[in-house]
Amino acid sequence: MSTPKKYVLKPGRHQFAPGETAAHTNDNLTDEQAEWYLNRYPHIALLFVKAEAKVKASGKEKTLKKQSVDLQQEGGE
C-alpha cells in the first residue's frame with residue numbers, strides 16, 4: 001500500500017519551468033520533485049490541488065472533551 005502524496009496536481013499535463021515542455025503529471029511527479037519546483041517557481045502552486053488536513057479524534061480525546069463540558073455545566077448550576 002502506498003502512502004498518499006503530499007502534492008497532488010490538477011488533472012492534465014503541466015509546465016513548471018519556462019521553456020520546459022508540459023510533461024508533469026501525478027504519475028511521474030514525486031513529492032521531492034514537487035517541493036524542489038515549488039521552491040524554485042512558487043507561482044506553480046496554482047497547479048496543485050489544495051490538500052485538506054483530515055484529523056480524526058481518538059476515543060480518548062472525545063471522552064476528555066465530554067468530561068470538560070460536563071464539568072463546566074456542573075460549575076454553572
Side-chain angles (χ1 to χ4, degrees):
M1 180 178 195
S2 64
T3 58
K5 291 178 90 170
K6 184 176 176 183
Y7 299 97
V8 178
L9 284 167
K10 291 179 180 177
R13 293 184 171 274
H14 301 282
Q15 174 188 0
F16 292 164
E20 196 176 74
T21 60
H24 301 287
T25 67
N26 284 312
D27 293 332
N28 67 9
L29 184 68
T30 66
D31 284 341
E32 293 79 19
Q33 291 170 327
E35 285 181 12
W36 185 87
Y37 276 108
L38 284 164
N39 285 328
R40 180 107 186 205
Y41 307 104
H43 67 278
I44 68 167
L46 299 173
L47 301 176
F48 291 86
V49 176
K50 290 193 183 253
E52 296 180 18
K54 295 181 181 178
V55 179
K56 292 184 179 179
S58 69
K60 184 176 181 180
E61 290 169 340
K62 290 178 184 176
T63 302
L64 291 175
K65 185 175 180 181
K66 183 179 184 311
Q67 289 174 350
S68 175
V69 171
D70 291 343
L71 290 174
Q72 289 173 355
Q73 289 174 351
E74 288 175 12
E77 293 180 3

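The basis for the numbers below is simple: all heavy atoms, side chains too, and nothing from hydrogens, waters or symmetry mates.
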Return the CG to NZ distance between Leu46 and Lys10, rounded to the nearest 0.5 Å.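 Spacing of CG (Leu46) from NZ (Lys10) equals 6.5 Å.
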
Expected output: side-chain [X] to main-chain [Y] donor-acceptor under 3.5 Å:
X: Lys5; Y: Asn26; result: yes
X: Lys6; Y: Ala34; result: no
X: Asn28; Y: Thr25; result: yes
X: Glu35; Y: Glu32; result: no

Can you tell me how the ring of Phe16 sits relative to the ring of His14, calling it parallel under 30°, perpendicular over 60° and tilted otherwise?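 Taking His14 first and then Phe16, their aromatic rings lie parallel (interplane angle under 30°).
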
Looking at residues at least two apart in the chain, or sitting in another chain, which of them share a side-chain hydrogen bond (donor to acceptor under 3.5 Å, both in side chains) with His24?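 Residues passing side-chain hydrogen bond (donor to acceptor under 3.5 Å, both in side chains) with His24: Glu20.
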
Non-hydrogen atoms of Leu9 and Leu29 that approach each other most closely: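 Here Leu9 and Leu29 meet closest at CD1-CD2, 3.8 Å.
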
For Asp31 versus Tyr7, what's the shortest heavy-atom pair and its separation?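 Of all heavy-atom pairs spanning Asp31 and Tyr7, the closest is OD1-N, 3.1 Å.
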
With heavy-atom distances below 4.5 Å as the criterion, would you say the side chains of Ile44 and Tyr41 are in contact?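 Yes - at least one pair of side-chain heavy atoms lies under 4.5 Å apart.
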
Kindly work out whether a path of hydrophobic side-chain contacts (I/L/V/M/F/W/Y, heavy atoms less than 4.5 Å apart) joins Val49 to Leu47.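 No, separate clusters.
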
